[in-house]
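Following: one structure in structure tokens, then a few remarks.
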Amino acid sequence: MEKTLIIIKPDGVQRRLIGLILSRFERKGLQLAAAKLMHISESLARRHYAVHEGKSFFDGVTKYLSSSPSLVMVWAGPGAIQICRKLMGKTFGCEAEPGTIRGDFGCSRGYNLVHGSDSPESAAYEISLYFTPEEILTYPITDEPWVFSNNQ
Ligand code: UDP
Ligand code: MG
């Protein structure tokens, strides 16, 4: 089953939007495989955003991600990576479509509430930064045939 790393970033936690944001992934039909509330250190944030090292926003985004606790999660499901990216919307809240998480809850550029892996490679790398294999749970979920069956 495809897995993706989703983070409700510090602004999402501070603005008490955890429940509303989490419910977007849950009601879509994805399955929660792991979750932890944690204060990401600056060094972990720098490893998380290593792909952006050298860019103008690198220092800002790593400070932002390590500024206050975040809810770090793994969500699973067929096509989970792209499904989550669509649910999140474009990077900046001011540009994201209404109906998406960023489009509905934010209008900042840098503070955009959620992180989601953008490819299978980045998902594998990012999940390994936060979770051991034992912490990622696989379990039967009763509505799975109703949610995912009959894909034409
Ligand atoms: N970011 C920023 N300014 C920029 C581009 C990105 O502050 O010009 C921040 C923003 O929080 C974003 C993160 O850096 O979520 C990572 O950027 P990326 O392009 O990977 O966007 P995402 O994958 O989160 O949509
Ligand atoms: Mg990205």
Side-chain angles (χ1 to χ4, degrees), residues 1-13 15-40 44-53 55 57 61-62 64-66 69-152:
M1 190 77 84
E2 187 169 284
K3 294 184 176 61
T4 185
L5 186 86
I6 297 294
I7 301 178
I8 301 181
K9 292 173 166 181
D11 51 330
V13 175
R15 292 177 54 199
R16 305 174 206 269
L17 292 172
I18 288 177
L20 284 173
I21 294 174
L22 202 149
S23 70
R24 299 287 178 109
F25 300 102
E26 198 172 37
R27 72 187 191 186
K28 180 73 174 168
L30 298 169
Q31 184 174 4
L32 186 62
K36 61 174 83 162
L37 183 69
M38 62 182 286
H39 194 141
I40 297 170
L44 181 53
R46 293 176 84 85
R47 278 189 284 152
H48 176 101
Y49 279 127
V51 66
H52 294 308
E53 209 162 342
K55 295 183 187 163
F57 61 88
V61 74
T62 52
Y64 159 44
L65 189 61
S66 58
S70 297
L71 187 69
V72 187
M73 300 169 281
V74 176
W75 285 88
I81 294 170
Q82 282 315 311
I83 288 173
C84 288
R85 294 287 301 187
K86 284 191 173 158
L87 289 174
M88 288 160 50
K90 286 188 188 161
T91 299
F92 303 131
C94 52
E95 294 170 3
E97 292 293 317
T100 64
I101 295 166
R102 288 165 167 173
D104 282 352
F105 298 121
C107 41
S108 161
R109 288 169 65 85
Y111 281 16
N112 57 2
L113 300 155
V114 276
H115 167 80
S117 307
D118 63 5
S119 68
E121 296 72 33
S122 59
Y125 170 70
E126 291 168 4
I127 289 169
S128 76
L129 291 177
Y130 298 95
F131 296 99
T132 63
E134 298 73 40
E135 289 175 318
I136 299 163
L137 306 186
T138 306
Y139 54 97
I141 193 148
T142 52
D143 69 1
E144 201 262 340
W146 294 103
V147 176
F148 289 108
S149 293
N150 208 24
N151 278 349
Q152 304 296 329

Is any side-chain heavy atom of [X] closer than 4.5 Å to a side-chain heavy atom of [Y]?
| X | Y | result |
| --- | --- | --- |
| H115 | L5 | yes |
| H48 | I40 | no |
| Y49 | K55 | no |
| I8 | L17 | no |
| I7 | E126 | no |
| H52 | V61 | no |

Between M73 and L32, is a side-chain contact (heavy atoms from CB on, under 4.5 Å) present by the stated rule, with each step listed?
CA-CA 7 Å; M73 300 169 281; L32 186 62; 4.0 Å; yes

When rounded to the nearest 0.5 angstrom, what distance separates [atom1] in [X] from [atom2] in [Y]?
| X | Y | atom1 | atom2 | value |
| --- | --- | --- | --- | --- |
| I136 | M1 | CD1 | CE | 14.0 Å |
| E95 | C107 | CD | SG | 12.5 Å |
| K9 | L71 | NZ | CG | 14.0 Å |
| S70 | D11 | OG | CG | 8.5 Å |

Minimum heavy-atom distance between [X] and [Y], given as atom pair plus value:
| X | Y | value |
| --- | --- | --- |
| G110 | Y64 | O-CE2, 3.2 Å |
| A123 | I81 | CB-CD1, 4.0 Å |
| R109 | C94 | CG-SG, 3.8 Å |
| H39 | S66 | NE2-O, 2.8 Å |
| G79 | E2 | C-OE2, 3.3 Å |
| V147 | K28 | CG1-O, 4.3 Å |

Identify every side-chain donor-acceptor pair in residues 97-105 under 3.5 Å, counting partners at least two apart or on other chains, and give the distances.
| unit_1 | atom_1 | unit_2 | atom_2 | d |
| --- | --- | --- | --- | --- |
| T100 | OG1 | E97 | O | 2.6 |
| T100 | OG1 | G103 | N | 3.0 |
| R102 | NE | N112 | O | 3.3 |
| R102 | NH1 | G89 | O | 3.3 |
| R102 | NH2 | V114 | O | 2.7 |
| D104 | OD1 | G99 | N | 2.7 |
| D104 | OD2 | R24 | NH1 | 3.2 |
| D104 | OD2 | R24 | NH2 | 2.9 |

Taking atom NZ of K86 as the centre, report whether more than 12 heavy atoms of other residues, nucleotides or ligands fall under 6.0 Å from it.
no

For the OH atom on Y130, are there more than 12 heavy atoms of other groups (residues, nucleotides or ligands in this structure) within a distance under 6.0 Å?
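Above 12, so yes.
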
For [X] and [Y], indicate whether the former's side chain and the latter's backbone hold a donor-acceptor pair under 3.5 Å.
| X | Y | answer |
| --- | --- | --- |
| R85 | G116 | yes |
| E135 | T132 | yes |
| Q31 | Y139 | yes |

ring-ring contact (aromatic ring centres under 6.0 Å, His included) pairs, two or more places apart, involving residues 75-97
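Listed once each, the pairs are F25-W75.
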
Would C84 and L30 count as a side-chain contact (heavy atoms from CB on, under 4.5 Å) if you check the C-alpha gap in whole Å, the side-chain angles of each, and the deciding distance to 0.1 Å?
CA-CA 9 Å; C84 288; L30 298 169; 3.5 Å; yes

